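Notes for the one structure printed next.
Small disclaimer: the values here were computed from a predicted structure and weren't measured. Order of the sequence lines sets the chain letters (A, B, ...), proteins ahead of strands, with each chain counted from 1.
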There are 2 protein chains.
Amino acid sequence: MILSQTALYALRATLCLAGHDTPEPVRVEDIAESLDVPRNYLSKILHVLARSGLLASTRGPGGGFQLARPAAELTLADIVEQFDEVADEPHCLLGRPQCSDQDPCAAHDRWRSVSVAVNQFFRGTSVADLLRDRPLAKGFEVAV
Amino acid sequence: MILSQTALYALRATLCLAGHDTPEPVRVEDIAESLDVPRNYLSKILHVLARSGLLASTRGPGGGFQLARPAAELTLADIVEQFDEVADEPHCLLGRPQCSDQDPCAAHDRWRSVSVAVNQFFRGTSVADLLRDRPLAKGFEVAV
DNA sequence: TCCAATTATCATGATCATATGATGATCCTC
DNA sequence: GAGGATCATCATATGATCATGATAATTGGA
């Protein structure tokens, strides 16, 4: 519910990168091991994030992945959006395409506030916000 | 996001049944046409709901599906739960199995309130609540 | 009793999410 | 410029979800 496995991996990996304070890139291998996520699968996920400019990748010895911008300017939505949909307008719970405030479905008002809360969480929370709350939660250390 | 196609069909069909005020059963055929949902697929979905006692089914001429109890005693969670997970305890956004208030992950506090809101929506909203808000929203009439 | 209506169930297929393993491309160091 | 390290990409596999079509089982009514 809420997030796909893939988006979850992306989020955890990004958080892992952000929590890694040294300026060098981190290898896929290390992140994968640290998060217990399939290595090649993670590689593809990180590649997507790099291609859209959220991460920077470097090849060759000493290479790996880094944040491409400060963690404070990276929202959870930025990450998740690459894999799952983070709707701007709440989607109709009942799937009515024409659903709107003017032409609402049975669930409209009640669902709207919930939906907005979810949206605001992803759009309004930055990676830095999470790190600030709890710098390095157990289970997210990078193996060095 | 949020609901699977199957759970959505189930919810819409149930709402459709609840909005149908005559006491006779409604045929799968009619619901399927009314909601524009594959007929045999819907049949299987309704069968699941009937098997778990949420709907009543009758075979043969004049048969079809009905609510098995008053719409006020049927929550959205009752329906959705048959197909998707409606977690009682908010799941850790980052997938940490040991996540708890005592041993929280980086996203814990922020995610918790969002997660609880979603949960309360499904558990706290009955089919009757939706009908009361807006008796028969366009697009959910049963074709008679 | 037989027929038609209707749900129940089975066999199968399409598509997508989630992986796995192998190979290619690039880059640093020597 | 050679070799190894590392990301990039491709081919393939697996299971779940979503769906279709055919057939069986049940039931009410002529």
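- Checking A:Asn40 against A:Gly63, the closest nucleotide of DNA chain D that is more toward the 5' end is the one next to A:Gly63.
- Across all strands, A:Phe83 comes closer than 4.0 Å to no nucleic acid atom at all (heavy-atom distances).
- Regarding contacts with the backbone of D:dT6, every side-chain N or O of A:Ser57 stays at 4.0 angstrom or more from both OP1 and OP2.
- The side chain of B:Arg59 lies closest to D:dA25 when the candidates are D:dT9, D:dA5, D:dA25.
- Comparing C:dA8, C:dT18, D:dG4 by their nearest atom to the side chain of A:Gln5 picks out C:dT18.
- The side chain of A:Lys44 approaches C:dT20 more closely than any other nucleotide in the set C:dT18, C:dA8, C:dT20.
- Here the side chain of B:Asp84 pairs a donor or acceptor atom with the backbone of B:Ser4 at under 3.5 angstrom.
- Inspection of the A:Ser100 and A:Asp103 side chains reveals no N or O donor paired with an N or O acceptor under 3.5 Å.
- Taking atom CD on B:Glu29 and atom P on C:dA5, their separation rounds to 12 Å, with Å as the unit.
- Looking at the side chain of A:Tyr41, the nearest of the listed nucleotides D:dC7, D:dC18, C:dT20 is C:dT20.
- At whole-Å resolution of the value, CG in A:Leu3 and P in C:dT18 are 11 Å apart.
- Counting only N and O atoms by type, the side chains of B:Gln66 and B:His20 include no donor and acceptor under 3.5 Å apart.
- Straight-line distance from the CG atom of B:Asp30 to the C1' atom of C:dT7: 14 Å, rounded to whole Å.
- One can place CG of B:Leu8 at 16 Å from C1' of D:dA19, the figure rounded to the nearest angstrom.
- Among C:dT18, D:dC7, C:dA8, the nucleotide with an atom closest to any side-chain atom of A:Thr6 is C:dT18.
- As rounded to whole Å, 13 Å separates atom P of D:dT6 from atom CD of A:Glu33.
- Distances shorter than 4.0 Å separate some side-chain N or O of B:Tyr9 from OP1 or OP2 on D:dA19.
- Nearest nucleotide to the side chain of A:Pro38, out of D:dG28, D:dT20, C:dA19: C:dA19.
- In the model, A:Asn40 has no side-chain atom that pairs as donor or acceptor with a side-chain atom of A:Ser43 under 3.5 Å.
- Within the structure, a side-chain polar atom (N or O) of A:His47 is placed less than 4.0 Å from OP1 or OP2 of D:dA8.
- Two residues, A:Arg39 and A:Pro61, neighbour DNA chain C, and the one matched to the more 5' nucleotide by heavy-atom proximity is A:Arg39.
- If you measure from atom CG of A:Leu42 to atom C1' of D:dC7, you get 12 Å, rounded to the nearest angstrom.
- One atom, CG of A:Leu46, and another, P of C:dT18, lie 15 Å apart when rounded to the nearest Å.
- Rounded to a whole Å, the CG atom of A:Leu49 is 14 Å from the P atom of D:dC7.
- Of the possible polar contacts, none joining the B:Ser34 side chain to the B:Asp30 backbone as a donor-acceptor pair under 3.5 Å is found.
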